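Data block below; observations after.
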There are 2 protein chains.
Amino acid sequence: MTSTADAPRSPGRPRSIRADEAIIEATLDLLAEGSTIEALSIEAIATRAGVGKATIYRRWAGKDALLLDALRRLKGVLAQPAGHSVRDDLVLLVGAIGKNVDPRAAKIMPCLAPAVNRSADQFQLYQNIISPRRQLMREVLRRGIDEGVLRADIDVEVTMALLTGPMLIQRVLQWNPDLDEQALPERVVDAVLEGIRAR
Amino acid sequence: MTSTADAPRSPGRPRSIRADEAIIEATLDLLAEGSTIEALSIEAIATRAGVGKATIYRRWAGKDALLLDALRRLKGVLAQPAGHSVRDDLVLLVGAIGKNVDPRAAKIMPCLAPAVNRSADQFQLYQNIISPRRQLMREVLRRGIDEGVLRADIDVEVTMALLTGPMLIQRVLQWNPDLDEQALPERVVDAVLEGIRAR
DNA sequence: GCGTTACGAGTCTGACCCGTATCGTATTTC
DNA sequence: GAAATACGATACGGGTCAGACTCGTAACGC
């Protein structure tokens, strides 16, 4: 955002907060309605927000800067594991993957996949968003090891990929349309816990 | 492609096969260089291929049809599991996920994620590409169950997601930059086989 | 009230692109 | 050699968009 933290009381009419909101909301709405990131035009955003183009350019340097701000709004709150059962905590965390407070996020997220690998900035943004969630899961796994519920020799990072991957490809890519997304978190956690080898 | 199977010997100059090649190659090259699907223009392809635009429109109805043909070239050959050890076969199949003969595919694949969920056609195309691979893995898992190597009560579809997901998010999304992609297939298969619960 | 800044709406220039058409030329069959 | 079809190149009208700009108006501090 352009705004500096300090506000030495500048003269003139202050910027409209409603315009800020409207621009961000319009951006997210358009994305959620199916527009691709690059098909999204400042003109369309301005029209949708009921705002002049200049009002947008006055706040952001360009589409990228605006998008960055808009996408930040999508970060849902972190799920809070209860801390009783390791299994239940994992089910909660796995179920929270790709599930955001803002329903628009579900439509928007898949669009970010290509962007993430093209610019280092966007890759960093992505990592910043997911790393706290990853940390949460890491802690639960470590707790499981400490409590003796999980084997001590597991690779925690691989295990996180194991738990996250299935849910992510299903939610983002619709990898297998026949899978029951509702029941998946539990299924995944239990399968990973027990293993599939016959005993 | 436009070409009909039968060739009743049409008069006039035949279409240049080199042009066909050049157009497809130019398309894949541009995509691999970072162009997004929708940023890709017929004009850019024509220029890159050293070809007139008309030559492209003579062959394909539009960008979509051309892309469809071009992307078909990326399908790698199916990995062929040896059929001895279930574990080794799974490691082979998991390692083959997202790994294509054409090195450009790695750059192009992430771009398809958004497209897949926007049009039913493209979703179908995607499913057509992955479903034979899925079938291959399904057969290995079934064989494992029949041979008594795998538990009989596992959900085969969930297990496939379990094996595929981690590899896919790592190869396509670079989900965790610190993970050793080389060793991942083996790690994933073994973890899924053994489970992580302490015993 | 005055200077300052923001506002929505609109205009303008210069890109870029699509899809078609038209050049003159090349390559094929009959 | 004539008809047919392809070729690369280029021009065309129609479209969208970026950004910078201009209006007349609105909100703020002094």
Side-chain angles (χ1 to χ4, degrees), chain A residues 1-4 6-27 29-31 33-70 111 115 119, chain B residues 1-4 6-27 29-31 33-70 111 115 119:
Chain A
M1 179 81 72
T2 325
S3 69
T4 43
D6 59 296
R9 189 51 50 226
S10 62
R13 175 176 176 175
R15 293 203 178 152
S16 158
I17 300 173
R18 292 183 52 186
D20 279 272
E21 265 323 302
I23 293 167
I24 297 277
E25 287 301 302
T27 306
D29 281 347
L30 288 171
L31 280 178
E33 280 167 19
S35 169
T36 0
I37 286 190
E38 55 201 1
L40 196 65
S41 71
I42 299 281
E43 276 184 329
I45 296 173
T47 303
R48 173 63 158 261
V51 144
K53 280 202 288 178
T55 302
I56 296 182
Y57 283 110
R58 206 174 286 124
R59 289 161 163 73
W60 291 277
K63 197 165 69 176
D64 287 353
L66 168 55
L67 272 174
L68 211 99
D69 264 21
C111 305
S119 117
Chain B
M1 182 79 74
T2 324
S3 70
T4 43
D6 58 296
R9 188 54 49 228
S10 63
R13 176 175 175 175
R15 293 204 179 150
S16 157
I17 299 174
R18 292 182 54 185
D20 279 273
E21 266 323 302
I23 294 166
I24 297 277
E25 287 302 303
T27 306
D29 281 348
L30 287 172
L31 280 179
E33 280 167 18
S35 169
T36 0
I37 285 191
E38 53 201 1
L40 196 63
S41 72
I42 299 282
E43 275 184 330
I45 296 172
T47 302
R48 173 63 158 261
V51 144
K53 280 202 292 177
T55 302
I56 296 182
Y57 282 109
R58 207 173 285 123
R59 289 161 162 73
W60 291 278
K63 195 167 70 176
D64 287 353
L66 168 55
L67 270 175
L68 211 100
D69 264 21
C111 304
S119 119

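Everything numeric in this text was worked out from a predicted model, so none of it was measured. Naming convention: chains lettered A, B, ... in sequence-line order (proteins, then strands); numbering from 1 in each chain.
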| message | For dA6(C) and Ser16(A) - does any side-chain N or O of the residue sit under 4.0 Å from the phosphate oxygens OP1/OP2? | response | no
| task | Kindly say whether, by distance alone, the side chain of Lys53(A) makes a donor-acceptor pair under 3.5 Å with the base of dG10(C)? | result | no
| query | Is there a side-chain polar atom (N or O) of Arg15(B) under 4.0 Å from OP1 or OP2 of dA4(D)? | reply | no
| request: Under 4.0 Å between any heavy atoms, over every strand shown, what does Ala44(A) touch: base, sugar-phosphate, or nothing? Just pick one. | output: nothing
| field | Distance in angstrom units between Glu21(A) CD and dA6(C) P, rounded | value | 19 Å
| request: Output the single nucleotide from dA4(D), dA6(C), dC28(D) whose closest atom is nearest the side chain of Pro11(B). | output: dA4(D)
| message | What is the distance, to the nearest angstrom, from the CG atom on Asp20(A) to the P atom on dG8(C)? | response | 10 Å
| field | Spacing of OG1 belonging to Thr47(A) relative to CD1 belonging to Ile42(A), to within rounding of 0.5 Å | value | 11.0 Å
| query | Roughly how many Å is it from CD1 in Ile56(B) to P in dC18(C), rounded to a whole number? | reply | 9 Å
| task | For Thr36(A), enumerate each residue passing the side-chain hydrogen bond (donor to acceptor under 3.5 Å, both in side chains) test, keeping only those at least two apart in sequence or located in another chain. | result | Glu38(B)
| query | What's the CG-P distance between Asp64(B) and dC18(C), to the nearest Å? | reply | 12 Å
| For Arg18(B) and dA26(C), what is the distance between atoms CZ and C1' respectively, to the nearest whole Å? | 14 Å
| query | Taking the nucleotide of DNA chain D with the closest heavy atom to each, which residue, Gly52(B) or Glu43(A), is nearer the 5' end? | reply | Gly52(B)
| Rounded to whole angstrom units, what separation is found between the CZ atom of Arg48(A) and the P atom of dG8(C)? | 16 Å
| Would one find a side-chain N or O of Thr55(B) under 4.0 angstrom from OP1 or OP2 of dG8(D)? | yes
| Between Tyr57(B) and Arg13(B), who's closer to the 5' end of DNA chain C by nearest nucleotide? | Tyr57(B)
| Between P of dA27(D) and CD1 of Ile17(A), the distance in whole Å | 14 Å
| In chain order, what residues pass the side-chain hydrogen bond (donor to acceptor under 3.5 Å, both in side chains) check against Arg48(B), with sequence neighbours excluded? | Glu33(B)
| Which is true for Gly50(A) with a 4.0 Å heavy-atom rule: it touches a base, it touches only sugar-phosphate, or it touches nothing? | sugar-phosphate
| task | For Ile42(A) and dA15(C), give me the distance from atom CD1 to atom P, rounded to whole Å. | result | 20 Å
| said: Using 0.5 Å steps for rounding, measure from the CG atom of Leu31(A) to the CG atom of Leu67(A). | reply: 6.0 Å
| Any salt bridge between Asp20(A) and Arg59(A), counting N to O under 4.0 Å? | yes
